[in-house]
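What's counted below: heavy atoms across the whole structure, side chains too, no hydrogens, waters or symmetry copies. Here, residue 1 is the first one in the sequence, and each next residue gets the next number.
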Amino acid sequence: VDVLLLDKTGTITVGNRQATRFHPLGDIALSELRYLAALSSLSDATPEGKSIVALAEKEGARFDREAVLNGGATFVEFTAQTRMSGVN
């Protein structure tokens, strides 16, 4: 098996799902992926969202939420209806 994709709904997972590694593809730098993944997860209060932010911070990502908001960005909170979070 080269690739195994798992969902995060609990169907085949148990417990607190946590991000463990960032895998950049193409020309994106690991530092940029780490920063953007964390930024897009700041308004995600799920264990997955929190673990993405925690992993990024552990690996050195730094961001200022207020500076992002002052720059015109808006955060999209995770909801069960949309099943997504992010930043515009």
_How long is the straight-line distance from CD1 of Ile52 back to CG of Leu42, given to the nearest 0.5 Å?_
10.5 Å
_Exam field: side chain Ser40 to backbone Ala37, donor-acceptor pair closer than 3.5 Å_ = yes
*Within the distance-only criterion (no hydrogens, no angle test), does the side chain of Ser51 pair as donor or acceptor with the backbone N or O of Ala19 below 3.5 angstrom?*
yes
_Quick check for you: to the nearest 0.5 Å, what is the distance between Arg21 atom CZ and Glu59 atom CD?_
9.5 Å
_Hydrophobic cluster identity match, Leu33 and Leu39, side-chain contacts under 4.5 Å_ = no
*Could you tell me the separation between the CG atom of Leu55 and the CZ atom of Phe22, rounded to the nearest 0.5 Å?*
4.0 Å
*Flag, side chain of Thr46 to backbone of Gly49, donor-acceptor distance under 3.5 Å*: yes
*Report yes if some heavy atom in the side chain of Arg62 is under 4.5 Å from a heavy atom in the side chain of Glu57; otherwise report no.*
yes
